[in-house]
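A quick write-up on the structure given underneath.
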Amino acid sequence: MAWVNWSRKPADGNDDRGALGADLNAGRVRATYGRASRNKLFLLEDPHIDLPLAISLEKRTPDVGRAALAVSRKLPHTMCVNYLPQLGQVFEWKHARQTYNADGLVSLALERLAKATSTNSGLSLALPSYLSVPQVTRLLIIAEKLKLRIRGTACTPLALAAERATHFLNAPRPDESGDGSGIHRAFGATSVLIIDVDDHALTASVVRIAEAEVRMLATASFPRLGSKIWRERLLDTLADRCVRLCRRDPRDNADTEQMLFDQLEETIDRARTGQRVSINVRSANWFQDLIHAPADLDAFCAPLARQAAEEIKNLLLTATDNEPPETVWLTHDAGRMPGLAATLHQHMTERTSVRVLHPEATAAAVANLNERWDAAELPRTHLDTVIVLPHRQDPRLLPKAPPPNSGVHNKNMIL
């Protein structure tokens with residue numbers, strides 16, 4: 001696939017604030033600067049780092065972002081969500097006199113992204129692995145029309161693997177020789193499992209890391225395990241809990257359902273850090289406080305976590321000839337799903353570590369590919385099969401590896 005809008009023309013110096021890397025999926029986009037700026041997060045919807053891709057058609061001019069999410073339960077018939085996977089397909093969203101297909105909605109979202117990044121010299125994109133090459137081509141055509149300067153695109157698992165490959169291959173490994181030497185350094189090829197979740201699906205990818213390249217071995221997406229399904233399960237379980245306590249159902253009223261929905265993200269984040277959560281549900285005639293321990297949310301989502309572990313197990317059986325991966329990396333979005341990391345930890349072998357990456361990990365990984373695209377070290381195509389690595393240096397000359405995660409799950413798991 002040839003680049004649609006690749007340009008060697010430098011940006012206007014007065015407007016150049018550096019190139020960005022953006023982690024774009026079906027639910028949101030997140031951006032960071034490159035390594036020279038220490039992968040600093042870019043505020044796409046100040047003061048928030050993420051720009052939700054939800055779109056509301058309630059008004060004459062569509063709302064994109066949190067303004068749309070604020071009415072997603074009050075006015076669900078006006079909402080356009082999960083349209084990125086529908087690129088190029090015959091599917092329409094209609095409300096009043098407005099009609100949009102997926103291409104039109106992606107154009108609205110990228111227009112908002114273009115405005116937020118207008119003072120930057122370019123943008124590289126990390127995209128979900130379930131997008132096909134024709135869909136990526138359509139995305140780039142839309143970006144070109146909006147004058148969004150795309151430097152390159154790569155699928156999320158390969159970008160993450162390429163970012164960590166050198167340090168991973170040179171990292172100390174447990175002693176497997178039995179000679180009591182403690183640790184050894186292994187430079188041979190190894191496989192890693194990368195888990196990501198967005199509104200559309202849970203995606204599991206097996207990537208082979210070698211000294212010369214990182215290569216996709218297998219990838220699979222499971223729409224029935226997307227983050228939207230997890231949120232719906234939490235909302236329904238919390239609403240049922242409210243019914244048992246006070247005989248009132250928040251879902252009977254649009255305002256109370258919206259109030260409950262608006263607290264879900266903070267509830268998930270607090271539970272993930274081990275804090276008790278208190279959810280307030282208020283209406284004109286009644287109120288109820290729902291207090292839960294972090295383990296309660298894991299229990300609510302346990303069926304989804306077990307299903308995810310089973311699907312991933314089946315993928316590994318076919319992709320690695322029953323050879324366990326060296327490590328499992330969960331993106332920040334996947335690690336937030338209640339109980340998912342802990343369940344995967346239980347289903348992995350003793351030699352496989354399970355880690356949850358920082359929120360900016362994917363965006364930073366693709367941002368750090370900008371220099372290689374500019375130097376023509378990488379092909380001007382969507383990188384969804386293989387990424388060639390730079391020539392390996394002496395490990396003693398390498399910088400220290402960045403902290404791999406904000407919460408680590410291994411055989412001595414820290415929640």
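We number each residue from 1, following the sequence as shown.
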- request: Report yes if some heavy atom in the side chain of V386 is under 4.5 Å from a heavy atom in the side chain of L158; otherwise report no.
  value: no
- request: Go through the side-chain N and O atoms of T362 and T156 and say whether any donor and acceptor fall under 3.5 Å apart.
  value: no
query: For the atom pair CG (L297) and CZ (R233), what is the distance rounded to the nearest 0.5 Å?
result: 11.5 Å
- line: Between N368 and G34 the two heavy atoms that sit nearest each other are OD1-C, 3.5 Å
statement: Tested for salt bridge (Lys or Arg N to Asp or Glu O under 4.0 Å) against D63, the lone hit among R60, R66, K59 is K59
message: Strictly below 4.0 Å, N to O, side chains only: are E257 and K74 in salt-bridge contact?
response: no
message: Please tell me whether R149 and T117 have a donor and an acceptor in their side chains that are separated by less than 3.5 angstrom.
response: no
- prompt: Between S227 (side chain) and D199 (backbone), is there a donor-acceptor pair under 3.5 Å?
  reply: yes
task: Hey, could you give me the CG/CH2 distance between L160 and W329, rounded to the nearest 0.5 Å?
output: 7.5 Å
- line: Taken in chain and number order and not counting sequence neighbours, the residues that satisfy side-chain hydrogen bond (donor to acceptor under 3.5 Å, both in side chains) with R251 are D236, D240, D249
query: Does a sphere of radius 6.0 Å around CD in E266 hold more than 12 heavy atoms from other residues, nucleotides or ligands, not counting ones at 6.0 Å or beyond?
result: no
message: Less than 4.5 Å apart, side chain to side chain, heavy atoms only: is that true for H347 and E310?
response: no
- request: Please report the C-alpha distance between L260 and L238 in whole Å, then the side-chain angles of each, then the deciding distance to 0.1 Å, and finally whether the side chain to side chain contact (heavy atoms under 4.5 Å, CB included) criterion is met.
  value: CA-CA 8 Å; L260 181 58; L238 292 170; 4.3 Å; yes
query: How many angstroms lie between NE2 in H95 and OG in S56, if you round to the nearest 0.5 Å?
result: 7.5 Å
task: Could I get the full list of side-chain hydrogen bond (donor to acceptor under 3.5 Å, both in side chains) partners for E213, not counting sequence neighbours?
output: R215
query: Is there a donor-acceptor pair closer than 3.5 Å between any side-chain N or O of W230 and the backbone N or O of L225?
result: yes
- prompt: How many angstroms lie between CZ in R355 and CZ in R164, if you round to the nearest 0.5 Å?
  reply: 10.0 Å
- request: Using atom types as modelled and distance alone, determine if a side-chain donor or acceptor of E377 lies under 3.5 Å from a backbone N or O of L369.
  value: no
message: Determine whether a donor-acceptor pair (N or O, by modelled atom type, separation under 3.5 Å) exists between the side chain of Q263 and the backbone of N280.
response: yes
task: Run the salt-bridge test on R28 and D333 with the 4.0 Å N-O cut-off and return the result as yes or no.
output: yes
- request: Indicate whether the side chain of N25 and that of Y130 have a donor and an acceptor atom separated by less than 3.5 Å.
  value: no
- prompt: Distance-only, no hydrogens or angles: does the T32 side chain make a donor-acceptor pair with backbone N or O of N39 under 3.5 Å?
  reply: no
- request: State the NE2-NZ distance between H77 and K94, to the nearest 0.5 angstrom.
  value: 15.5 Å
query: How many angstroms lie between CG in D298 and CE in M337, if you round to the nearest 0.5 Å?
result: 11.5 Å
field: Pairwise side-chain contact, D23 with V366, heavy-atom cut-off 4.5 Å (strictly under)
entry: no
- prompt: Is R276 reaching over with its side chain to a backbone N or O of P294, donor-acceptor style, under 3.5 angstrom?
  reply: no
query: So does R351 pair up with E323, basic N to acidic O under 4.0 Å?
result: yes
- prompt: With sequence neighbours left out, what residues match T256 under side-chain hydrogen bond (donor to acceptor under 3.5 Å, both in side chains)?
  reply: none
- prompt: Is the shortest heavy-atom distance from the side chain of S124 to the side chain of L20 under 4.5 Å?
  reply: no
- prompt: With side chains defined as the heavy atoms from C-beta onward, is the minimum distance between S191 and I209 less than 4.5 Å?
  reply: no
message: Between E45 and R112 (salt bridge meaning N to carboxylate O under 4.0 Å), is one present in this structure?
response: yes
field: Residue pair L57 / C80, side-chain heavy-atom distance below 4.5 Å
entry: yes
- prompt: Using 4.0 Å as the upper bound for N to carboxylate O, is an ion pair formed by E232 and R73?
  reply: yes
task: Determine, for E360 against R30, whether the closest basic-nitrogen to carboxylate-oxygen distance falls under 4.0 angstrom.
output: no
message: How about CD on E58, more than 12 heavy atoms from neighbouring residues, nucleotides or ligands closer than 6.0 Å, or not?
response: yes
message: Is the shortest side-chain heavy-atom distance between I195 and T331 below 4.5 Å?
response: no
field: D103 and Y83, any side-chain heavy atoms less than 4.5 Å apart
entry: no
query: Got a salt bridge between D289 and R282, using NZ or NE/NH1/NH2 to carboxylate O under 4.0 Å?
result: yes
